[in-house]
Asks: 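Okay, handing you the structure first.
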Amino acid sequence: MNTHDEDLNLLIVFEAMLETLSVSKASERLQMSQPSMSHALAKMRKAFGDPMFVRVKNQMQPTPRALLMAGPVKKALDLARLEIFNRPSFDPTTSDKSFVLCMTDVAEASYLPQIINAVRIAAPRVKLRTVSPIAEKLEEGLDSGAVDLAIGFFPDHLTAGVFQQKLLRNSGFMCLVGDKNPILTLGELSMDGFLKASHVAIRTEGRSQEVIEKTMQEHGIVRNVFLTVPHYLGLVSIIANTDLIAIIPMDLAGAFEAQRGMRIYPLPFKSPTVEVKHIWHKRFHTDPANQWLRELVRNALQQR
């Protein structure tokens, strides 16, 4: 125990003695043995050069020196308990905090609506902001606290002991096809049709497309890529108005299926899966606001 800890303990013992005027009651309050309390009193008297408490009849009465110290000691301990030892809390019903989420475009389209609805119910004054997962910036953002939570598939950010993470869900892949595309046979997408079709390949900031590409490579499946685009949004008009098809994450299926002129079909081979996680820095693991956000996100996405 260092000197500062010893000084603080002496002040706590002093406060207990002042309030109880009894060695036995003070030791009971502080859950100390009688010998330990006597030892603490001896150290206190030595430290302040004063008896501090003397027995008068059946009580340990404070000396004038102790009475002069009573006010300052109480202020010091109250301040320490309030500002140092008091565990911080987070009240979502009154907080106006702004949280920053790092999400891919897939995560925004798939998961952000549920998160928004949950936040607006639980924390009406809280604000959200999303940022793109530029690879070299994500770790920096999580390190500094500029990013509160990363949500999605991030295979490179798994440094044990630095980043904490939790699985939210597993997701796979589907095929997006125009509802009048001639490759459809009896309302189904066959392997033959998949291989003969012209494809749109998506190269986004997210990494999930790498998973499906690797699976096709392992199975010797070579698709005919006619067009490559940097995001999924353009597929809404491309697929509905051309004979191209595209592979999309399963969690995007609902958003596309709601659009006119296109349908979602299972892949003609077994789809790989990706682990959708939320990731945060260990510095914020016990932060009440971050804990609240993680629980809210987990509940919102696992109930899909």
Asks: Is D50 reaching over with its side chain to a backbone N or O of R65, donor-acceptor style, under 3.5 angstrom?
Replies: no
Asks: Using the test ring pair (Phe, Tyr, Trp, His ring centres under 6.0 Å), find all partners of F226 that sit at least two apart in sequence or belong to another chain.
Replies: none
Asks: Donor-acceptor pairs under 3.5 angstrom involving side-chain atoms of residues 170-181: please list them, not counting sequence neighbours.
Replies:
{"from": "S171", "atom 1": "OG", "to": "D251", "atom 2": "OD2", "distance (Å)": "3.4"}
{"from": "N181", "atom 1": "OD1", "to": "I183", "atom 2": "N", "distance (Å)": "3.0"}
{"from": "N181", "atom 1": "ND2", "to": "D243", "atom 2": "O", "distance (Å)": "2.9"}

Asks: With no hydrogens and no angle check, is any side-chain donor or acceptor of S271 less than 3.5 Å from a backbone partner on L267?
Replies: no
Asks: Does any N or O in the side chain of S110 come within less than 3.5 Å of the main-chain N or O of A107, such that one atom is a donor and the other an acceptor?
Replies: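 Checked: no pair found.
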Asks: Answer yes if the ring centres of F269 and F194 are under 6.0 angstrom apart, and no otherwise.
Replies: yes
Asks: Test your reading of the model: is there a side-chain donor-acceptor pair from H281 to the backbone of R283, 3.5 Å cut-off?
Replies: yes
Asks: Donor-acceptor pair, R203 side chain versus P230 backbone, under 3.5 Å?
Replies: no
Asks: Could you check L301, I279, T130 and say which one makes a side chain to side chain contact (heavy atoms under 4.5 Å, CB included) with I151?
Replies: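 With I151 as partner, side chain to side chain contact (heavy atoms under 4.5 Å, CB included) holds for just one option, L301.
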Asks: Going by side-chain contact (heavy atoms from CB on, under 4.5 Å), name the residues that satisfy it together with P62, two or more places apart in sequence or in a different chain.
Replies: L18, L21, F53, A66, L67
Asks: When you measure from the centre of the six-membered ring of F99, is the NZ or CZ of K97 under 6.0 Å away and within 45° of the axis?
Replies: yes
Asks: Main chain of P35, side chain of H39: is a donor-acceptor contact present, judged purely on distance under 3.5 Å?
Replies: no
Asks: Checking the side chain of S36 only, and the main-chain atoms of M32 only, is there a donor and an acceptor separated by less than 3.5 Å?
Replies: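 No, S36 side chain to M32 backbone: no donor-acceptor pair under 3.5 Å.
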